[in-house]
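As the structure lists them, so they are numbered: ligands from 1, and atoms in each ligand from 1.
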Amino acid sequence: MRRIRLVSGSKLVVAVAIIGFGCGESQAPSNAPSDTSAGSGHGGANGLGGNQASAGRSSTAGTAPSAGGAGSSGVPNTSGGTMSSSDGGTTANGGSVFGGAMNGGTGGSGGMHTAGAAGAGGSSGGAGPKLLGATPPMGWNSWNAYNCNGLHETVVKSMADAFITTGMKDAGYEYVNLDDCWMDGRDANGKLKWNASKFPSGIPALAEYIHGKGLKIGIYETPNTKTCAGLYGGYTAGVGSVGHETTDAQTFASWGIDYLKYDKCQGQLSAFAVMRDALKATGRPIFYSINPGDQGPFCTPTNCSLNLPMTANMWRIGFDISAKWSEVIRLIDANKEQYVGAGPGHWNDPDMLEVGNGLNDVEGRAHFSMWAIMAAPLITGNDLTKMNATTKATLTNAEVIAVDQDPLGKQGRVVATPGTDLEVWSKEMSGTNARAVALFNRSSASASITVQWSQLGLPAGAASVRDLWAAKELGPATGSYTASNVASHSVVLLKIVSTP
Ligand code: GAL
């Protein structure tokens with residue numbers, strides 16, 4: 001498929017035509033309707049959007065009717081049709097590809113975004129299955145802190161315990177995820193085996209332990225013959241799932257797995273849809289997180305032959321993060337223009353969090369603020385049993401997490417660059433005329449940063465301004481707000497709501 005940009009007035013939308021392929025590999029999702037993108041939009045990958053309505057397909061550049069896609073299962077269509085004029089940006093999010101029903105449709109075959117077994121959708125008026133990944137996932141993953149050799153069931157159990165004792169679970173964190181290096185090849189029947197010295201009690205028992213705490217468990221695989229640690233790190237027991245998708249998906253379901261990270265590792269892009277379908281066929285809701293890139297160019301919503309929202313619940317948009325400020329900046333910049341692809345059930349993934357892994361406290365807070373305003377998955381990567389008070393306060397800040405988890409599901413974007421390395425980001429929030437705003441100082445000196453209501457698409461006049469990190473109302477302001485002395489490498493995160 002090739003994406004075609006249609007420009008209408010000041011609005012730009014992305015449509016998909018079946019006339020070629022975008023980035024390298026030429027494979028459409030195997031069970032996705034060939035023209036789904038034009039109508040099913042944000043709801044595409046939820047397994048319900050396959051039979052999209054013509055109302056969605058007839059959308060024209062940015063002017064689609066608000067019911068831009070198929071279905072009537074009662075999930076509000078927040079992303080269809082024209083971009084809200086108050087969206088504070090310059091490009092449209094609606095119209096064709098990404099406009100459309102979230103969760104409607106009539107038993108389509110594409111995707112796997114519902115929490116139930118292969119979704120039937122239909123017009124049940126609100127009684128449809130819960131949308132899987134309706135807000136960005138929150139959890140913990142073993143890789144950043146434990147890498148290959150440190151993974152062990154005692155570590156994973158201690159993280160699950162820490163979810164409870166640190167307040168992480170109460171803050172919304174849910175998934176406890178094993179990354180690479182959990183496995184030990186396959187048995188004589190071709191079934192994946194776990195590494196018995198790392199997981200002496202077995203993964204089903206670990207899943208039970210995690211479920212017993214009201215949490216969920218994730219696991220890692222690849223669409224190749226080896227995992228990435230197998231390919232690059234000499235972990236020969238790390239075997240991939242290619243050619244074994246049905247068996248492996250069933251194995252994961254039988255173990256009680258709730259989340260799969262499927263990491264390209266030089267596999268074929270076309271294999272992502274194969275695993276999507278295999279997971280869906282298990283009937284177990286398994287959140288599907290993919291990494292459709294390797295060392296080279298990544299597949300992103302603005303440049304990929306895969307229809308990412310039709311394929312997975314989230315996808316990496318860049319190479320691995322590490323705990324350095326320059327890396328945080330690299331991934332923010334890589335994610336900046338990708339907002340067109342994000343919405344309930346399908347998210348851009350600028351990679352896991354490095355808060356608590358070596359960034360200083362100010363940078364850690366800025367990192368977390370930016371992931372929140374980008375509606376990024378909040379998958380922590382630090383040792384939760386050894387967090388200092390600041391790291392814990394950062395990761396569990398309810399008002400900041402609420403920005404990330406806002407049900408409207410918009411990814412924030414840059415709306416102004418008032419100086420070198422100074423950025424104003426805006427994220428439309430649910431409610432009337434509500435925005436989360438990040439005043440982001442990327443420079444090496446403190447600076448004063450002003451946001452104007454016109455940049456946010458808010459009406460002129462008074463608006464309430466709340467500082468989310470300070471948990472403090474700053475009082476009503478008219479037309480603009482200035483934060484003076486925004487520290488280097490920091491973010492002032494605000495919620496601005498027009499006063500009726
Ligand atoms: C990389 C991936 C990392 C981690 C690692 C495991 O490809 O980006 O997040 O999963 O593989 O080998």
> Any salt bridge (charged side-chain N to carboxylate O under 4.0 Å, His left out) pairs touching residues 394-403, not counting sequence neighbours?
Replying inline: Glu399-Arg466
> Would Trp371 and Trp347 count as a ring-ring contact (aromatic ring centres under 6.0 Å, His included) if you check the C-alpha gap in whole Å, the side-chain angles of each, and the deciding distance to 0.1 Å?
Replying inline: CA-CA 12 Å; Trp371 261 236; Trp347 308 101; over 10 Å; no
>> Can you pull out every salt bridge (charged side-chain N to carboxylate O under 4.0 Å, His left out) where at least one residue sits in residues 205-214? Sequence neighbours excluded, please.
In response: Asp161-Lys213
> Counting only heavy atoms not in Asn360, do more than 12 fall under 6.0 Å of its CG?
Replying inline: yes
> Of all residues at least two apart in sequence or in a different chain, which pass the side-chain contact (heavy atoms from CB on, under 4.5 Å) check with Pro223?
Replying inline: Tyr262, Ala271, Phe272
> Please walk me through it: do Glu423 and Lys336 pass salt bridge (Lys or Arg N to Asp or Glu O under 4.0 Å)?
Replying inline: CA-CA 12 Å; Glu423 292 174 347; Lys336 240 176 205 171; 2.7 Å; yes
>> Using a 4.0 Å cut-off on heavy atoms, what residues surround ligand 1? Order them by chain and number.
In response: Trp143, Asp179, Asp180, Tyr220, Cys228, Ala229, Lys261, Asp263, Asn291, Arg316, Asp320, Met352
